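One structure is given below, encoded as structure tokens.
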Protein chains: 2
Amino acid sequence: MSTKTTASRGTRGPYAKSAARRREILEAAVSIFGSKGYSGGSIQEVADRAGIAQTTLLHHFPTKEQLLVAVLEYRDEISPNTPGTREHFAEVVAEQAENNEGVPHLIELYSVLCGEATTRDHPAREYFVKRFQRLRAEYSNELRYLASIGRLRPGVDPAIAGPTIVALWDGIQTQWLLSPEQVDMPGTLKAYLDLILINPDSLV
Amino acid sequence: MSTKTTASRGTRGPYAKSAARRREILEAAVSIFGSKGYSGGSIQEVADRAGIAQTTLLHHFPTKEQLLVAVLEYRDEISPNTPGTREHFAEVVAEQAENNEGVPHLIELYSVLCGEATTRDHPAREYFVKRFQRLRAEYSNELRYLASIGRLRPGVDPAIAGPTIVALWDGIQTQWLLSPEQVDMPGTLKAYLDLILINPDSLV
DNA sequence: ACGAAACCCGAGTGTTTACTCTAGATTAGC
DNA sequence: GCTAATCTAGAGTAAACACTCGGGTTTCGT
């Protein structure tokens, strides 16, 4: 009762160093899982890249699965999601697509884990199921708003165009990872948005 | 010189049973690699599913990597690709999308391996790089033909819309695998084609 | 029907896997 | 500055990994 949290007596919580260590480990994990996948990468490799002993890693993240979950949460923290963009939807999407070209290791992590996660009983499956559900809803809602102010081309169904943007984005990222010089990631996305939006935002 | 191929004397080639065995193994491999990925699945599991000893599998496919290559070739054999479809492009695409719903294990295999293949030095990477290059060229060419007969909406660039169809297809498949009941795979593809094509093919 | 090649597999090999045990060094509440 | 908790890691463990070896069985050209 004397300490601040509900921890049983005798617990002191992580030390100051701990947060930095965890960040180092997560950065290493992004690199390893991104370049070799979750199944393909080992916690030994992650520990090596972080410059610590394997057992030290396991002190901070007791199982490989918990490390993966932490990596996914870490990714969500450092790559900002788009909240209510309203009339600037197209701009924001195109801008983020351009920014993504600057963080290829995060794109790689995302694509690799997303593919792996479709396997049954994969620890990241639930994460991606919910992520896609959220993205579909968000994008569809943005498009519904744009439709309400007459900016959506007639005949375009927000409930279909929303998932389409998500699918197009992921698919073009995969192609870009395999042939960066042959695929125009932001251009392809922008082309679709120009197709479904009326009077698109003029150049910034 | 006496035998038909360039084999050194004393070789007799595979027996009649061999082809069937190889097919059984490949079917098992599609199942295992599709449900657990290439890194995640073991040749022991494939052998178990095929009902043979691990060493028997290795007799037909000496390494795990060669098994993977054979699986990819097998997939290409059994799932027909679209040759020159000309004016029936939209029909054929929509039809194939519907058919894909009937072979989810092949979609799973494709999505899982495609994600994994973006990792460096993955044995299937070259396969997917070339596959996407081919698909982008094929689809762009189909659209160029449709443009030549005035069936492509003005302003739509075949060089962008081609890769877009490929990306959309792959992306929507991933979403469908994770939430089959929430994603209309053929409908989403058809919606995009209706968007970029003029006077689309009426219902069959 | 003979013999060589292809087929099939039980037993093993060395490595890597995720994870545990034990124990010394470091931190921080008091 | 005492002490208990956190941090770090060396050593170890059982299981799984891709793959090899040796030898028996089946197939098939001659």
Side-chain angles (χ1 to χ4, degrees), chain A residues 1-5 7-26 28-29 32-33 36-71 116 121-124, chain B residues 1-5 7-26 28-29 32-33 36-71 116 121-124:
Chain A
M1 311 293 181
S2 56
T3 50
K4 43 187 169 182
T5 61
S8 56
R9 62 174 184 158
T11 188
R12 223 189 294 182
Y15 288 174
K17 285 185 67 174
S18 208
R21 256 282 182 271
R22 287 174 65 97
R23 258 192 70 103
E24 288 170 17
I25 294 172
L26 290 175
I32 297 298
F33 289 161
K36 314 190 111 189
Y38 173 69
S39 308
S42 68
I43 56 179
Q44 181 66 65
E45 286 173 300
V46 176
D48 287 347
R49 174 161 272 259
I52 59 173
Q54 194 205 39
T55 45
T56 303
L57 189 157
L58 285 168
H59 168 74
H60 292 280
F61 304 95
T63 67
K64 194 187 182 186
E65 200 166 316
Q66 287 178 50
L67 175 61
L68 175 63
V69 172
V71 165
E116 247 187 299
D121 300 329
H122 194 284
Chain B
M1 306 291 186
S2 57
T3 49
K4 46 187 168 182
T5 61
S8 57
R9 67 183 179 145
T11 187
R12 225 189 294 182
Y15 288 175
K17 283 187 68 176
S18 209
R21 256 284 183 270
R22 286 175 65 98
R23 259 193 68 105
E24 288 170 17
I25 294 171
L26 290 174
I32 297 298
F33 289 160
K36 314 190 113 189
Y38 174 68
S39 307
S42 68
I43 55 178
Q44 181 66 67
E45 286 174 299
V46 176
D48 286 348
R49 174 161 273 259
I52 59 173
Q54 193 204 37
T55 44
T56 303
L57 188 157
L58 286 169
H59 168 75
H60 292 279
F61 305 94
T63 67
K64 193 186 183 187
E65 198 167 317
Q66 287 178 49
L67 175 60
L68 175 62
V69 172
V71 165
E116 246 187 301
D121 300 329
H122 194 282

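In the text below, chain A, chain B and the rest are named by the order of the sequence lines, each starting its count at 1. Quick caveat: nothing in here was measured; it's all calculated off a predicted structure.
Checked by distance alone, B/Gln54 brings no side-chain donor or acceptor within 3.5 Å of a matching partner on the base of C/dC9. Contact annotation: side chain of B/Arg12 to base of C/dA6, donor-acceptor pair absent below 3.5 Å.
Residue B/Gly41 is classed as a sugar-phosphate contact, given heavy-atom separations below 4.0 Å to backbone atoms only.
Rounded to a whole Å, the OH atom of A/Tyr15 is 10 Å from the C1' atom of D/dT3. The distance between atom CD1 of A/Ile52 and atom C1' of D/dG10, rounded to the nearest whole Å, is 15 Å. Atom pair A/Gln44:CD and D/dC17:C1' shows a separation of 16 Å (rounding to whole Å applied). Atom NZ in A/Lys64 sits roughly 8 Å away from atom P in C/dC19 (whole-Å rounding). Rounded to whole Å, atom C1' of C/dC19 lies 12 Å from atom CD of A/Gln66. At whole-Å resolution of the value, CZ in B/Arg21 and C1' in D/dT25 are 13 Å apart. When the P atom of C/dC19 is taken as reference, atom CG of A/Leu68 falls 12 Å away, rounded to whole Å. One atom, CD of A/Glu65, and another, P of C/dT17, lie 18 Å apart when rounded to the nearest Å.
Within a 6.0 Å radius of NZ in A/Lys64, more than 12 heavy atoms belonging to other residues, nucleotides or ligands are found.
Put simply, B/His60 has a side-chain N or O that comes within less than 4.0 Å of OP1 or OP2 on C/dC8. In this structure, B/Thr56 does not reach the C/dC7 phosphate: none of its side-chain N or O atoms is under 4.0 Å from OP1 or OP2. Of the side-chain N and O atoms in B/His59, none sit less than 4.0 angstrom from OP1 or OP2 of C/dC8.
Atom CD of B/Glu65 is separated from atom NE2 of B/His122 by 9.0 Å, given to the nearest 0.5 angstrom.
For B/Thr11, counting side-chain heavy atoms from C-beta on, the closest listed nucleotide (C/dC19, C/dC8, C/dA6) is C/dA6. Ranking C/dC19, C/dT17, C/dA5 by closeness to the A/Thr63 side chain, first place goes to C/dC19. Closest to the B/Thr55 side chain, of the nucleotides C/dC8, D/dT20, C/dT20, is D/dT20.
With DNA chain C read from its 5' end, the first of the two nearest nucleotides for B/Ala16 and A/Tyr38 is the one closest to B/Ala16. Nearest-nucleotide positions on DNA chain D place A/Gly51 closer to the 5' end than the other of A/Gly51 and B/Lys17.
For the pair A/His60/A/Thr56, a side-chain contact is recorded, criterion being any heavy-atom separation below 4.5 Å from C-beta on. With a 4.5 Å cut-off on side-chain heavy atoms, B/Leu26 and B/Leu67 count as touching.
The nearest pair of heavy atoms linking A/Leu57 to A/Ile43 is CD1-O, 3.8 Å.
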